[in-house]
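I have placed the structure first, in the form of structure tokens, so that the comments after it can refer back to it.
Proteins come first, then strands; the chains are lettered A, B, ... in the order of their sequence lines, and each starts at number 1.
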Amino acid sequence: MPTYRAPRGTRDLLPADRAVFDRLMRIAADLTARYGFRPIETPLFEQTAVFERGIGEITDVVEKELFRIAPRTEEAESWALRPEPTAGIMRAYVQHGMQTWPQPVKLTTTGPMFRYDRPQAGRYRQFWQFDVEAVGDAGPAIDAEVIELGHRFYTEAGVRDVEVLVNSIGDPACRPAYVETLKAHYRGHVATLPPTERDRLERNVLRLLDSKDPDMAALNAGAPRITDHLCDACAAHFESVKAHLDALGVPYRVDSGLVRGLDYYTRTAFEFYVAGREGQQQALGGGGRYDGLVELLGGRPTPGIGFGLGLDRVALVLAEQGVVAEVETAPLAVVVGADPEDTVGRLRVATLLRAGGLRARADLGRRKLGRQLEAAGKDGAHFAVILGDELADGQVQVRDLQAGTQRLVAMGDLIRDLARAEGSHKHG
RNA sequence: GUGGCCUUAGCUCAAUCGGCAGAGCAUCGGAUUGUGGCUCCGAAGGUCACGGGUUCGAGCCCCGUAGGCCACCCCA
């Protein structure tokens, strides 16, 4: 067992893993560009208050999962690693006066998030999210646009059977009354509530709705639904979001038990799952509308909507579904030589090829030719450029490692020859 | 944060009743002159996760810790 290892809940993305992430990030960047979102980077840590105010102090994310940074001096500011990107981006929106930009401001970012909870497969203390935020448009059309974008990301990534769950969780005009109605419903059955659920009754009743406790099933079935208690404005908004989703052909299912764990959400809430694997653990992504957040962070009242998609989980599902991303990392050519000691010659030719724009490696180990060729083959190289006596006539052997054929090529023609071969390889 | 299962070489796994830590793959080297994939030979690779206890003797039994996984909690 090694002396040092990656901290609990973190992992190394080895080249094969990293290639999968690169591909996902490329898809995200390409997709968001097409939809008019512009990339933004905010710090990996913020003043703790940004998260406490924004996300809500009585949420699990802040209460027990926030990665707090120990202050270095007594008067130091209190910082925490970001558990999600939205609060930081909205902080930036306010700080830089983005309300003076053409609205809506559409932003995207992809990067690591941090939550101090107990690790499990697909659940890490450092995990990656692809995030999108559209600020300054009250919807409902843009709600559907954002949901459709999220859904399309999975499609382009190659994830099969992704299902969208949507709900409306009301707004300050109607949610408080609904919360009281819901509390009243459960209070009538306090005695039958499991201990953990009883504890949540007064603190956050909405959470009882998505409880997986079998004893709660019957009770939840009879519980009043938020969608039956929306104010007129929220109800109309929700209907319109659904109509837009229908028009766009996005497959979705209304789940009136869907609530979100962060306080800032209003009205539209949605999550993405692989069909048949609903249940909080396996969420591939989620998001919603947060019309009160900018104001909470000191800005003018500004509506907004966005989502965060978990890249680690997407990678996990892709692996489960057997989707493999072919990424070209193998060199086009490896320069080998008959004289093991002539590293100068091999490196010089490789440098020449690289200067010509080709992916080339030189075998700098001092081993015999056979070993060099063997290593080149294992590396997945298409060609081996073999340096030998022919150099005296200004020629090298170019061996096609897959076909097992080889021919003499003049040094002066080498770059053009290999470049042409690369092109024909790519096209079959 | 709660409960359970697990941890032996880089990877996948063996090791009889408590009695000398092994294999396959991968890595590196060799098989008479400048040609890979197959084959053969060899080398290297271990604090048996870590710490304690029981025992003549512990990879194996007991306790603790760490890490991973599973179910919760909750999120991505």
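- Not one side-chain nitrogen or oxygen of A/Arg313 sits closer than 4.0 Å to the OP1 or OP2 atom of B/A76.
- Here A/Phe127 lies parallel enough and close enough to stack on the base of B/A76, with planes under 30° and ring centres under 5.5 Å apart.
- A close approach under 4.0 Å does not occur between any side-chain nitrogen or oxygen of A/Lys368 and OP1 or OP2 of B/G30.
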Quick test: give all pairs of protein nitrogen or oxygen and nucleotides 1-7 of chain B nitrogen or oxygen below 3.5 Å, distance rounded to 0.1 Å.
residue: B/U2; atom: O4; partner: A/Arg118; partner atom: NH1; Å: 3.1
residue: B/G3; atom: O6; partner: A/Arg118; partner atom: NH2; Å: 3.0

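- Evaluation of atom-type donor-acceptor distances gives no pair under 3.5 Å for the side chain of A/Gln372 against the base of B/U35.
- At B/G36, none of the side-chain N or O atoms of A/Arg399 fall inside 4.0 Å of OP1 or OP2 (strictly under the cut-off).
- Residue side chain A/Arg371 does not reach the base of B/G36 through any donor-acceptor N/O pair under 3.5 Å, judged by distance alone.
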Quiz prompt | Canonical and wobble pairing (Watson-Crick, G-U, under 3.5 Å) of RNA chain B, dot-bracket with | | solution = (((((((..((((.....[..)))).(((((.......))))).....(((((..]....))))))))))))....
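- Judged purely by distance below 3.5 Å, without hydrogens or angles, the side chains of A/Tyr93 and A/Gln95 never pair a donor atom with an acceptor atom.
- Looking at heavy-atom distances under 4.0 Å, A/Gly287 makes no contact with the nucleic acid at all.
- Contact of A/Gln402 with B/G36 (side chain to base): no donor-acceptor pair of N or O atoms is detected under 3.5 Å.
- Contact annotation for A/Asp339: no contact, since no heavy-atom pair falls under 4.0 Å across all strands.
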